[in-house]
Amino acid sequence: MHTTGGERFTVEATSLPEATVLVTKGELDHDTAEPLRQALDSVWRDGGRLLVDLSRLDFCDSTGLNLLLSGRLAVREAGGSLELIGLHPPVSRMFQITGADRLFPVHTDLDAALAHPRSA
């Protein structure tokens, strides 16, 4: 397990046999996005399954959304998948309004994600 970030936002990365899990916590915006950018850059290349847990995310602006969308494309190009866990209001509202919720497989929690096979 490896945690990066500051006071307002952190990312904790954990490698499991079936996936890499990034747990986000706090407020993801233009000023705090760098730890997630670095975490995505360090794990997407393996072409495996990447689960991004947003259940502890209090806020996500367009910077965070664009970062996840870019990460999704990079992971797919490497032959992997990027899936989301724990979308809840108000974060889920932004994904619904923009239609991004239709681009990502979304799971209620980590156990539910691991119970389903890897999504494309």
Side-chain angles (χ1 to χ4, degrees):
M1 182 170 30
H2 178 70
T3 303
T4 59
E7 289 183 32
R8 289 184 42 226
F9 178 76
T10 60
V11 177
E12 180 180 289
T14 304
S15 292
L16 302 175
E18 55 274 81
T20 298
V21 181
L22 299 179
V23 178
T24 61
K25 183 178 180 182
E27 300 176 6
L28 177 57
D29 59 32
H30 174 64
D31 295 329
T32 63
E34 191 57 31
L36 181 58
R37 181 177 288 108
Q38 291 173 358
L40 288 170
D41 285 347
S42 69
V43 299
W44 69 264
R45 293 175 181 86
D46 69 1
R49 187 176 189 194
L50 178 58
L51 303 173
V52 181
D53 187 338
L54 305 175
S55 64
R56 298 180 194 165
L57 197 62
D58 300 321
F59 175 79
C60 180
D61 73 358
S62 61
T63 302
L65 176 61
N66 287 327
L67 190 55
L68 291 167
L69 289 168
S70 297
R72 176 185 167 270
L73 291 176
V75 169
R76 286 180 59 138
E77 286 179 16
S81 66
L82 191 154
E83 304 168 40
L84 304 179
I85 296 172
L87 283 178
H88 61 18
V91 175
S92 64
R93 183 74 177 131
M94 184 189 56
F95 277 79
Q96 292 168 352
I97 289 171
T98 61
D101 61 331
R102 294 186 303 265
L103 299 176
F104 293 94
V106 178
H107 307 280
T108 55
D109 56 34
L110 181 59
D111 290 336
L114 295 175
H116 289 90
R118 179 175 147 174
S119 299

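In the hydrophobic clustering (ILVMFWY side chains linked at under 4.5 Å, chained through shared members), Phe59 stands by itself. Applying the 4.5 Å side-chain rule to ILVMFWY residues, one finds Val21, Val23, Leu51, Ile85, Leu110, Leu114 in the same cluster as Leu16.
Distance check: Leu87 CG to Asp53 CG gives 9.5 Å after rounding to the nearest 0.5 Å. To the nearest 0.5 Å, atom CG of residue Leu82 and atom CG of residue Leu103 are 11.5 Å apart. Note that the CZ atom of Phe95 and the CG atom of Leu84 stand 5.5 Å from one another [nearest 0.5 Å]. Ile97 CD1 to Ser92 OG: the interatomic distance, rounded to the nearest 0.5 Å, is 9.5 Å. Interatomic distance, Leu57 CG to His88 NE2, rounded to the nearest 0.5 Å: 7.0 Å. Of the inter-residue distances, the one linking Arg72 atom CZ with Glu83 atom CD reads 11.5 Å to the nearest 0.5 angstrom.
Contact of the Val91 side chain with the Leu28 side chain is not registered, since no non-hydrogen atoms from C-beta on lie closer than 4.5 Å. In this structure, the side chains of Leu68 and Leu36 come closer than 4.5 Å at one or more pairs of heavy atoms.
Residue Thr63 comes nearest to Ala33 through the heavy atom pair CG2-CB, 3.9 Å, listed as atom of the first residue, atom of the second, then distance. Closest of all the heavy-atom pairs between Ala100 and Leu69 is CB-CD2, 4.4 Å. Arg49 and Ala113 get closest at one heavy-atom pair: NH2-O, 2.7 Å. Closest approach of Ala13 to Leu22, counting heavy atoms only: CB-CD2, 3.5 Å.
Residues satisfying the side-chain contact (heavy atoms from CB on, under 4.5 Å) criterion with Leu73, sequence neighbours excluded, are absent altogether. By the side-chain contact (heavy atoms from CB on, under 4.5 Å) test, Glu34 is found to be paired with Arg37, Gln38, residues two or more places apart in sequence or in another chain being considered.
For residues 22-31, every residue pair satisfying the side-chain hydrogen bond (donor to acceptor under 3.5 Å, both in side chains) rule, not counting sequence neighbours, is listed here: Arg8-Glu27, Arg8-Asp29, Asp29-Thr32. Applying the salt bridge (charged side-chain N to carboxylate O under 4.0 Å, His left out) test to every pair with at least one member in residues 94-113, sequence neighbours left out, gives no pairs at all.
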